[in-house]
There are 2 protein chains.
Amino acid sequence: MKKAAELFHTKGYTATTMRELAQVVGLEASSLYSHIKSKEELLIHLCFTNAKKFSDGIEEAEKQDSSVCEKIEFLLNQQIKIALEDGTSVTVFDDEWKHLSEPYLSSFLQIRKDYQRRFLKIITHGIEKKELIDISPSIIMNTLISSIRWVHLKPELLKQTGMQDLSKDISQIILTGIKK
Amino acid sequence: MKKAAELFHTKGYTATTMRELAQVVGLEASSLYSHIKSKEELLIHLCFTNAKKFSDGIEEAEKQDSSVCEKIEFLLNQQIKIALEDGTSVTVFDDEWKHLSEPYLSSFLQIRKDYQRRFLKIITHGIEKKELIDISPSIIMNTLISSIRWVHLKPELLKQTGMQDLSKDISQIILTGIKK
DNA sequence: AAAACATACGAACAAGTGTTCGTTTTTTTG
DNA sequence: CAAAAAAACGAACACTTGTTCGTATGTTTT
């Protein structure tokens, strides 16, 4: 699964061959099928495992008895942490889900939509409480989510800066920008 | 080229078939080759056309006799504009370039690297002049670039908000976050 | 109108795809 | 150690891929 994630990350799902994957794990292509049912099974697993991580994150944020800004900071930190611990999976989650076939595709999109709905709710709440500036919640959320979508591609920056500091710097930029 | 960009955008380069493309433009697959030399030619054109747009943008910013913040705001606006005018191309530029083969791949990465080098220079300059907060220029740049990487996926938000306002809102979030 | 050209087509090809099958090898269990 | 189960293999299959080729059909130039 790990090697599959790496290949999907670098070459993309469609461009990745079962024969390539086999070679990377030291097997013949046919042998893979003693362990998995299909190529898509790999993609399904990677997509939904990561989807769960994100959903769990937002659930935890919702439960917290804290200010909206603290919740958002928590979410940012959490997502940066996930991205740094398992960057290749995040790529798959971000970019390769579109190769899921039905019914997995619909299911995945549903989870994603739900995640964004809950995120939006937090932001909207923050605007109402005048914690956040009065900008379209949708714009804020998308900017927020996107702004960290490079972290998993720069592991060298992690070594340089350290996760704690990296996380703090990014949070500072974004939070300063949306705080009232 | 336009239909190709759309297909590459929704299905990905590798997953897009010449037969599909042919059907979309109302031809048989073989007929396409009266107009293009290969499938990759399409990808090459899309990648480098967009690369040029971005390079031109940063060149213009460099020339401007303005503060660093104004330059960055100009760049943000420009890139948002590009993303909204031709969203599918931006996807190809962002995500599908990796399917370029040599020597195009190296050439493309060189251009990209050069673009980031010049962007970094602007930011570093801004930090030196105390216009920007003292955070790793690399972190600032990546956050900046990424933060708008969703715009081209939400044309409905454009209709709702209008490009001018959308651009202003995003700029406000990001610039407030990095201004000293 | 003839010649030259661009465009479109169907058929085909060579290479590569995910996957299956029957068999052999290796590991685990009783 | 023998039996059962799991894992690995090579060969093959059915299908799809980008692309080529010879040919036909319009379209432009002379």
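All chains are named by letter (A, B, ...) in the order of the sequence lines, taking the proteins before the strands, and each is independently numbered beginning at 1.
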Study note, to complete from the structure: In whole angstroms, the gap separating C1' of C/dA8 from CD of B/Q23 amounts to 16 Å
Check your understanding: Taking CD from A/E40 and P from C/dT17, how many angstroms apart are they, rounded to a whole number?
Key -> 18 Å
Exercise for review: To the nearest Å, give me how far apart NE2 (B/H99) and P (D/dT17) are.
Suggested key: 15 Å
Practice item. Could you tell me whether the side chain of B/F48 reaches within less than 4.5 Å of the side chain of B/I111, counting heavy atoms only? Key: yes
Point to revise | Gap between atoms CZ and P, on B/R19 and D/dT17 respectively (whole Å) | key: 7 Å
Point to revise | Contact nearer the 5' end of DNA chain C, comparing A/S30 with A/T17 | key: A/T17
Point to revise | Side-chain ion pair, A/K53 and A/D56, N-O less than 4.0 Å | key: no
Point to revise | B/T16 versus B/E20, side-chain donor and acceptor atoms under 3.5 Å | key: no
Review point. Atom CE of A/M18 to atom C1' of C/dT17: distance rounded to whole Å?
Key: 11 Å
Study note, to complete from the structure: B/L42 CG to D/dT19 C1', in whole Å, measures 13 Å
Exercise for review: For B/E28 and D/dT19, give me the distance from atom CD to atom P, rounded to whole Å.
Suggested key: 17 Å
Review point. Which residues, if any, of residues 31-39 of chain B bring a heavy atom under 4.0 Å of DNA chain C?
Key: B/S31, B/S34, B/H35
Exercise for review: Select base, sugar-phosphate, or nothing to describe what A/T14 touches, counting heavy atoms under 4.0 Å on all strands.
Suggested key: nothing
Exercise for review: Compute the ring centroids of A/F8 and A/F93, then answer whether they are less than 6.0 Å apart.
Suggested key: no
Review point. Judged by modelled atom types alone, do A/H9 and A/T88 share a side-chain donor-acceptor pair under 3.5 Å?
Key: no
Review point. Is the cationic atom of A/K98 (NZ for Lys, CZ for Arg) positioned less than 6.0 Å from the six-membered ring centroid of A/Y13 and within 45 degrees of its normal?
Key: no
Point to revise | B/L27 CG - D/dT19 C1' separation (whole Å) | key: 16 Å
